[in-house]
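Throughout, residue positions are numbered sequentially from 1 according to the sequence presented. Here the structure is a predicted model, which is why all the values come from computation and not from measurement.
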Amino acid sequence: MTEQIMAKVDKEELRTVIAATLDVDVAEVTDDALFVEDLEVDSLMALEIAVNLEQRYQVKIGESELSGVTTLDSTHALLEELLRKAGR
């Protein structure tokens, strides 16, 4: 049952999770806002985002994958890919 719920990553839920992790307003986390340049995410915050996403979606985000996560859209695409590879 849990796998069916998590089969697709809801972008608005993801936006809310990232905004809460960064302690910013949800409106600031636009689809193409750059995490580092626009939202001032440093390496520690990026790690915190990754840990929260790994726990929430039950996936493992590798260090090489994390470096490609620069926006909400890229994060959403990565999570969808990881879930698809995991068969969820």
Are more than 12 heavy atoms from other residues, nucleotides or ligands located less than 6.0 Å from atom CD of Glu13?
yes
For residues Ile61 and Glu54, report the shortest heavy-atom separation together with the two atoms involved.
N-OE2, 2.8 Å
With a 4.5 Å limit on heavy-atom distance, are the side chains of Leu66 and Glu63 in contact?
no
Side chain to side chain, Leu34 and Thr71, heavy atoms closer than 4.5 Å:
yes
Nearest 0.5 Å, what's the CD-NE2 distance between Glu81 and His76?
12.5 Å
Non-hydrogen side-chain atoms of Val59 and Lys85 separated by less than 4.5 Å:
no
To the nearest 0.5 angstrom, please state how far the CD atom of Glu48 sits from the CG atom of Leu53.
10.5 Å
Where Tyr57 and Val9 come nearest, the two heavy atoms and their spacing:
OH-CG1, 3.7 Å
So with a 6.0 Å cut-off around CD of Glu40, is the heavy-atom count from everything else above 12?
no
To the closest 0.5 Å, what do you measure between CG (Leu22) and CG (Asp42)?
9.5 Å
Do Leu82 and Glu65 have side chains that get closer than 4.5 Å, going by heavy atoms?
yes
Hey, what do you get for OG1 (Thr75) to CZ (Phe35), rounding to the nearest 0.5 Å?
3.5 Å
What's the spacing between Leu39 CG and Ile18 CD1 if we round to 0.5 Å?
9.0 Å
Looking at Asp25, I want to see if its CG is surrounded by more than 12 non-hydrogen atoms of other residues, nucleotides or ligands under 6.0 Å.
yes
For a side-chain contact (heavy atoms from CB on, under 4.5 Å) check, start with the C-alpha distance between Leu14 and Arg56, then their side-chain angles and the critical distance, and finish with the verdict.
CA-CA 10 Å; Leu14 178 60; Arg56 182 168 197 88; over 6 Å; no
Euclidean distance, Glu12 CD relative to Arg15 CZ, rounded to 0.5 Å
4.0 Å
